[in-house]
2 protein chains.
Amino acid sequence: MKRDQNIKNDLIIRTLMGEAVERTPVWMMRQAGRYLPEYIALRNKYSFFERCQNPELACEITLQPVDIVGVDAAILFSDILVVPQAMGLEVQLIEKQGPLLPDPIKTAKDLERVRVADVDETLSYVFDAIKLIKQELNGRVPLIGFAGAPWTLLCYMVQGKGSKTFDEAKAFCYQQPEVAHQLLQMITDTTIAYLKGQVAAGADTLQIFDSWGGLLSKQDFETYSLYYIRQIVAALKDEVPTIVFAKGAWGSLKEMADTGAHGLGIDWCIEPHMARQFAGADITLQGNFDPAKLLSPIPVIEKEVTAMLKAFGPGRHIANLGHGILPNVPVDHAKAFVDTVKNFRHA
Amino acid sequence: MKRDQNIKNDLIIRTLMGEAVERTPVWMMRQAGRYLPEYIALRNKYSFFERCQNPELACEITLQPVDIVGVDAAILFSDILVVPQAMGLEVQLIEKQGPLLPDPIKTAKDLERVRVADVDETLSYVFDAIKLIKQELNGRVPLIGFAGAPWTLLCYMVQGKGSKTFDEAKAFCYQQPEVAHQLLQMITDTTIAYLKGQVAAGADTLQIFDSWGGLLSKQDFETYSLYYIRQIVAALKDEVPTIVFAKGAWGSLKEMADTGAHGLGIDWCIEPHMARQFAGADITLQGNFDPAKLLSPIPVIEKEVTAMLKAFGPGRHIANLGHGILPNVPVDHAKAFVDTVKNFRHA
């Protein structure tokens, strides 16, 4: 297991490894995002892919929440859809409208348009950004690398855009399971190489985001998602601690824990004691504050964050939201979330 | 308990009452909908509210799936948003775009624009439709009446349109809880009167749809949803059997069963044996086929429906989808779903 000995605040790494910690660590999904005026200033000047592909910009954005909000980890500023892009699909990220893949995968023939990416050729800008971020972080906190889970990437690659139900992606799997599995394996192979590249560049831990895992029945989650997540975790778990976040897939927490991942993300729709019961004692849980609750008055946030920390209990917990922070959250509310965690001590 | 002795196929009523049945009954959420060419023909001629408010049209649409697909119950053709409309809010239902409430509730002052509806004045067209449907059904199958749960109606009344997360509705609750509770109580009082009117007009059973209950934490679901559902069930459960369907709110199945409801709807993201474990033995479960699975080839549908029926076991189960049928499902696939249930016998 690789471990950067120069990190001063390594609470998140120690928590993932099940080691003793003085307090619960905290970060927020989408912490480098639109609720920060400093991020908006850069967004107004540069397109999404400029911000992603320019290492200096990606570094600056990645560090903003560390400097401004005081989180215990930085997470690489990027997007899960850089992988489909590297595989050969056109991806547009239009501000406020979400992703658009104008020429999605619909048939076996469409697979000819995608390939397992040569990540050093197509995604080297990410590795350059990671190297620069690690240098600029200078050991303050760990850097989290990430990728989308193959199922979630398939959703976008087939549906072509966001959706509440991703029916077209599901129909693709149900009608052409062999083609779906071919595509999922290509995404998996690309993702493993991509995450290995992130670790080689300096990522201290990795999170796999399966944002749409919760749309599948338990059996379909096993078939179309977990089978591939398992390959990714197996390839990476001895290099750095890995976190799997399959939003809504509470019914498979045990099976996700069995992959050997070090941490599991959970959302606010499952109570901490139920998540612990399902996942077992030997894994770190990450979550699970309702992002919309950060719109509450600050005293309510403080009270509810404290209740969450007590519900998880000491150790084996990384405080986080149950999904990405909302753009309309005031910065001082985000700070109240982080500070409440940092000031709390279990009795 | 009211019971129409003239119903020939009363499988659904008997299943809800926990009585012996020869086979599992079946219906489909949104069974009177866009997958039927006969429905599309009427949709092309009449606006949504024309179809809703004209008893002859509502009756014709309600009966279509009974005649064409052979389901074991009719469900009133209407929309949950007729209640906010009756309470004084403007509601537009634009084809393919979903609902729009151009002047939503944002503050205490906005409550002055809504009232507990006089249902006999504002919703008598629904009661007229029910009377006509009961006459035309002539005892073939029972008629299901329905309403939206107060939380789901608040979502639309505050957000003003559909949303993946209903953040504005949640922020309204978290920032102005007293105003939210006032509004929820007004919706509840209207809904109780509305459902009592449906029963008086002839509805044989009732379903309460909490489509967005699964967006809330367990504690918030209790505070903003179940507290009001409980009042509705208490007011109706001795008149006709009641079904509560709070999509995604698996963590509160036990508490929903404790309301005294006769049936609980569940979606495909929870396994039948887990739902039974949470809900207890003394309640009927309804569901839980993935609507997107109806896009599979027919032999796959037959195989998976059979697996679902075996997983639920005999008795105390009404076969249904886990959410509304999708518009692009071929009619013969819907028929395959219904016929597989009707032809199956537990060993």
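If you're wondering where the values come from, they're calculated on a predicted model, not measured in any experiment. Convention: sequence-line order gives letters A, B, ...; per-chain numbering from 1.
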Between B:Cys269 and A:Gly214, what is the shortest heavy-atom contact and its length?
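The answer is SG-O, 3.2 Å.
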State, to 0.1 Å, how close B:Ala171 and A:Leu295 come at their nearest heavy-atom pair, and which atoms those are.
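In this case the closest contact between B:Ala171 and A:Leu295 is CB-CD1, 3.6 Å.
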Contact origin within A:Leu215 toward chain B - heavy atom pairs under 4.5 Å
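Answer is backbone: N, CA, C or O of A:Leu215 sit under 4.5 Å from chain B.
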Relative to chain B, which segment of A:Leu216 carries a heavy atom at a distance below 4.5 Å: side chain, backbone, both, or neither?
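For A:Leu216, backbone heavy atoms alone lie under 4.5 Å from chain B.
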Across chain A and chain B, what donor-acceptor pairs are shorter than 3.5 angstrom?
from	atom 1	to	atom 2	distance (Å)
A:Lys170	NZ	B:Asp290	OD1	3.3
A:Lys170	NZ	B:Asp290	OD2	3.0
A:Tyr174	OH	B:Asp290	OD2	3.1
A:Gln175	NE2	B:Leu295	O	2.8
A:Leu215	O	B:Trp268	NE1	2.8
A:Asp220	OD1	B:Lys293	NZ	3.1
A:Asp220	OD2	B:Lys293	NZ	2.7
A:Trp268	NE1	B:Leu215	O	2.8
A:Asp290	OD1	B:Lys170	NZ	3.3
A:Asp290	OD2	B:Lys170	NZ	3.0
A:Asp290	OD2	B:Tyr174	OH	3.1
A:Lys293	NZ	B:Asp220	OD1	3.1
A:Lys293	NZ	B:Asp220	OD2	2.6
A:Leu295	O	B:Gln175	NE2	2.8

